[in-house]
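First the structure, in the form of structure tokens, and then the observations on it.
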Number of protein chains: 2
Amino acid sequence: MKLQKGTEPSAALHGKWYDDACGTAFGLEVLGERWSMLVVRELMLGSRRFSDLRASLPGISAKVLTERLEGLERAGVLVRRQLPPPGKVQVYELTEWGLLAEPAIQELGRWAARSPRHDPTLPLSPVSLMLSLRTMVDREKAAAVQMNVGFEIGDDHFLAEIGGGNIEVRRAPTTGAELRFRAPAAPLLAGLIYGKVPADALPWLEIEGGEELRGRFLDIFQLPPKVGS
Amino acid sequence: MKLQKGTEPSAALHGKWYDDACGTAFGLEVLGERWSMLVVRELMLGSRRFSDLRASLPGISAKVLTERLEGLERAGVLVRRQLPPPGKVQVYELTEWGLLAEPAIQELGRWAARSPRHDPTLPLSPVSLMLSLRTMVDREKAAAVQMNVGFEIGDDHFLAEIGGGNIEVRRAPTTGAELRFRAPAAPLLAGLIYGKVPADALPWLEIEGGEELRGRFLDIFQLPPKVGS
DNA sequence: CAGAATCCCATTCGATACTG
DNA sequence: CAGTATCGAATGGGATTCTG
């Protein structure tokens, strides 16, 4: 550990990228480095291990992930926690403030999805898809719906509770859900929900629950309209 | 102009930073490079020239600004326009889609402003301050207010129309405003509005309009509560 | 598996100088 | 004014290796 100044990665506490009182500029100091916002996205539905994050972020290297986690911890967005024994593994978890970033992340996604250039067929992480439900739900239509829906995507299990025009999603066993989807990977499900690919064209997808229920569920989601041009 | 591959700035149409169908990831491909989102912020209240942008973004270099403008144009966020003679200067202007980014930029700012580490005393551009009015307005309180407020910050003139719980801001002469603020720079006004610095402690600030009117105006803005920790 | 430490090249940045 | 051109310095990030 040398003591030269300037040795530290600016990722550290950058704080001096922009010299600007604007909240957006400060937000960018915290979440504006490459990958940072996507790391936060992956933590949005609960704590994750280093290797979980790596697996969900195709292309990120161990070095960069380490640096981003350090930066985000220093900024107060997440904390590193040692799970109690047995297990005793280390996980990363959003702070209260970190959790509050969801609307900002959502708005950016909603805006970007309106571009004709957005390619929804790329790979997609399970968390990404689950969060998108909250972004893309049509709250008017959802107001008339009340149901619990389970999702088993690979080894990740989520429960979505729809009611009162709102939708909550959390990691939980899918037992007790009236409708349950099981798929090996998220893009498959995305095809069903957003691509409106018929279920029988997706052989690797298992669905438990009535046809009518499924229809009512699928009906409340839609991508935002593409902008002109 | 050599024809080597890889010579092009990845800023170009990067499109391959993240390989991720998530809308947020695509949003980051477009606005996630350093400075990009702040350039868009500066254009949010109308077209600006190259030198205007440089002046509003302390620290950006001509090179980087050129690169960002190219990237944003290619992505469809802004267009370059030749103003009709006389004048015949070149300006940059958001597209319909670019204009729609306001909520995303706002949400990031609103979130960041909740950090105890946010320093609101740094420099601030006029546009930044004007946009913050839309972000920080308390719509409940504003519902009872109906007025036009003018701002003259250096050479930038804005008119804010408050009514129906909403606030619109645009570049316009301040004639006809019931209340008018004039200041050499934005931070001064920010101190008055958000810092609740008393007006008589700000000698470089001119205010035209009744004391009571001014009080009702200032009352509808406040920074979001800081988060615990 | 969860990182820390090294190595090293490609990219990016900012400053300065230059141009139509 | 609106950029280009160039250059040295800083940074970024992939690959690899090492450790507990």
Side-chain angles (χ1 to χ4, degrees), chain A residues 1-2 4-19 28-29 32-36 38-39 42-43 47-73 78 80-83 85-93 155, chain B residues 1-2 4-14 16-19 28 32-36 38-39 42-43 47-73 78 80-83 85-93 155:
Chain A
M1 165 78 89
K2 329 245 181 59
Q4 307 167 270
K5 62 196 163 186
T7 297
E8 249 174 304
S10 81
L13 219 191
H14 20 70
K16 285 290 114 178
W17 264 16
Y18 314 109
D19 186 39
L28 290 169
E29 307 260 9
E33 277 187 307
R34 205 176 154 188
W35 294 110
S36 289
L38 299 185
V39 169
E42 285 303 315
L43 293 173
S47 40
R48 312 257 66 202
R49 305 164 57 158
F50 190 89
S51 49
D52 296 330
L53 295 171
R54 267 204 91 171
S56 304
L57 298 171
I60 197 172
S61 72
K63 181 188 180 184
V64 173
L65 180 53
T66 302
E67 287 172 1
R68 293 305 175 268
L69 288 169
E70 283 171 4
L72 291 168
E73 182 172 23
L78 56 79
R80 172 188 313 237
R81 220 160 52 88
Q82 202 72 234
L83 246 40
K88 197 173 168 294
V89 299
Q90 183 154 266
V91 296
Y92 298 87
E93 169 175 307
D155 291 333
Chain B
M1 164 80 85
K2 328 247 182 59
Q4 307 167 269
K5 62 195 166 189
T7 298
E8 248 175 305
S10 81
L13 220 192
H14 20 68
K16 284 289 112 177
W17 265 17
Y18 313 109
D19 185 40
L28 291 169
E33 276 188 308
R34 207 177 154 187
W35 293 111
S36 289
L38 300 185
V39 170
E42 285 304 315
L43 293 173
S47 40
R48 314 256 66 205
R49 306 164 57 158
F50 191 89
S51 50
D52 295 330
L53 294 171
R54 266 203 93 172
S56 305
L57 299 171
I60 198 171
S61 70
K63 178 187 179 183
V64 172
L65 179 54
T66 302
E67 287 171 3
R68 293 304 176 269
L69 289 170
E70 283 170 4
L72 290 168
E73 182 171 26
L78 57 79
R80 170 188 315 236
R81 222 160 52 87
Q82 201 74 235
L83 245 42
K88 199 173 164 293
V89 300
Q90 181 154 269
V91 296
Y92 298 89
E93 166 173 310
D155 291 333

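Sequence lines set the chain letters: A, B, ... in the order given, protein chains first and strands last, and positions in each chain run from 1. All values below come from the heavy atoms of this structure, side chains included, with hydrogens, waters and symmetry mates left out.
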Looking at B:L57 and B:V39, what are the two nearest heavy atoms and their distance?
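Scanning both residues completely, I find the closest heavy atoms to be CD1-CG2, 3.7 Å.
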
Testing the basics here: between B:R34 and B:R68, what is the closest heavy-atom pair and its distance to 0.1 Å?
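Smallest heavy-atom distance, with atoms named: O-NE, 2.7 Å.
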
Side chain of [X], heavy atoms from C-beta onward: which of [options] has the nearest atom to it?
X     : options               : result
A:R80 : C:dA2, C:dG3, D:dA15  : C:dG3
B:V89 : C:dA2, D:dA2, C:dC13  : D:dA2
B:S51 : C:dG14, D:dA2, D:dA15 : D:dA2
B:R49 : D:dC1, C:dC1, C:dG3   : D:dC1
A:F50 : D:dC1, D:dT4, C:dG3   : C:dG3
A:E33 : C:dA2, C:dC13, D:dG12 : D:dG12
B:V64 : C:dC13, D:dC1, C:dC1  : C:dC13
A:Y92 : C:dG3, C:dG14, D:dC1  : C:dG3

Separation of atom [atom1] in [X] from atom [atom2] in [N], rounded to whole Å:
X     : N     : atom1 : atom2 : answer
B:R48 : D:dA2 : CZ    : P     : 11 Å
A:L69 : C:dG3 : CG    : P     : 8 Å
A:E70 : C:dA5 : CD    : C1'   : 12 Å

Would you indicate what A:R54 reaches in the nucleic acid, counting non-hydrogen atoms under 4.0 angstrom: base, sugar-phosphate, or nothing?
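Nothing, no nucleic acid heavy atom in range.
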
Residue mapping more 5' on DNA chain C - nearest nucleotide basis, A:K63 or A:V91
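Checking each residue's closest nucleotide, the 5'-ward one belongs to A:V91.
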
Hey, what's the ring geometry for A:Y92 with A:F50, parallel, tilted or perpendicular (30° and 60° as the breaks)?
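The rings of A:Y92 and A:F50 sit tilted, inter-plane angle from 30° to 60°.
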
